[in-house]
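Atoms considered below: every heavy atom in the structure, side chains included; atoms not considered: hydrogens, waters and symmetry mates.
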Amino acid sequence: MKATDVLGKKVIDKNAFEIGKVSDLDLDTEKWTIEAIYISSGILGSDLMVSIDEVGKIGDYVTLKIEKKAP
């Protein structure tokens, strides 16, 4: 899978609530692995960084192992 395939994918939490879309990736260029993803929710243009350890799987959506916290 290419990085461009991940960018723009919808992100959902473990309860299937939509969080936002993948706006960027944090890469480890020595290991060539993804360390974190940035999620844009569209609110005030702020991005949320989520560690790759909190990502369940990447398919049609990016599914997180965590749930969305109430504002």
Side-chain angles (χ1 to χ4, degrees):
M1 179 177 283
K2 297 181 197 179
T4 54
D5 294 337
V6 178
L7 295 173
K9 281 193 181 279
K10 288 185 182 180
V11 180
I12 57 174
D13 73 359
K14 71 178 190 175
N15 296 320
F17 290 109
E18 187 175 336
I19 306 291
K21 292 184 179 182
V22 177
S23 60
D24 208 350
L25 303 171
D26 188 11
L27 303 173
D28 180 334
T29 56
E30 290 183 14
K31 298 182 210 171
W32 292 107
T33 57
I34 299 172
E35 296 292 311
I37 64 171
Y38 291 87
I39 303 167
S40 175
S41 63
I43 301 171
L44 301 176
S46 61
D47 287 350
L48 169 67
M49 185 181 90
V50 176
S51 167
I52 198 67
D53 295 331
E54 296 174 329
V55 174
K57 65 181 175 178
I58 300 173
D60 291 338
Y61 301 95
V62 176
T63 307
L64 302 180
K65 297 177 185 176
I66 57 176
E67 62 184 84
K68 181 179 180 179
K69 294 184 177 151

Single-linkage hydrophobic cluster, 4.5 Å side-chain cutoff, [X] and [Y] together:
{"X": "Val11", "Y": "Ile66", "value": "yes"}
{"X": "Val50", "Y": "Val6", "value": "yes"}
{"X": "Tyr61", "Y": "Leu25", "value": "no"}
{"X": "Leu7", "Y": "Tyr38", "value": "no"}
{"X": "Ile37", "Y": "Leu48", "value": "yes"}

Can a donor-acceptor pair be found, under 3.5 Å and without considering hydrogens, that links the side chain of Asn15 to the backbone of Phe17?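 Answer holds: no.
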Mark yes or no for whether Ser41, through its side chain, and Gly20, through its backbone, hold a donor-acceptor pair below 3.5 Å.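 Here the side-chain-to-backbone pair does not exist.
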If I compare all heavy atoms of Thr63 with all of Asp13, which pair ends up nearest, and what's the gap?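 Result for this residue pair: CG2-O, 4.4 Å.
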For Ala36 against Met49, the heavy-atom pair lying closest together: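 Nearest pair, atom of Ala36 first, then Met49: CB-CG, 3.8 Å.
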If we only count heavy atoms from C-beta on, is the [X] to [Y] side-chain gap below 4.5 Å?
{"X": "Val55", "Y": "Leu64", "result": "yes"}
{"X": "Thr33", "Y": "Ile52", "result": "no"}
{"X": "Leu27", "Y": "Ile34", "result": "yes"}

Above 12 or not: heavy atoms from other molecules or residues under 6.0 Å from [atom1] of [X]?
{"X": "Lys65", "atom1": "NZ", "answer": "yes"}
{"X": "Lys21", "atom1": "NZ", "answer": "no"}
{"X": "Asp60", "atom1": "CG", "answer": "no"}

If you measure from CG on Asp47 to CD1 on Ile39, what distance do you get to the nearest 0.5 Å?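 Reported to 0.5 Å precision, the distance equals 9.0 Å.
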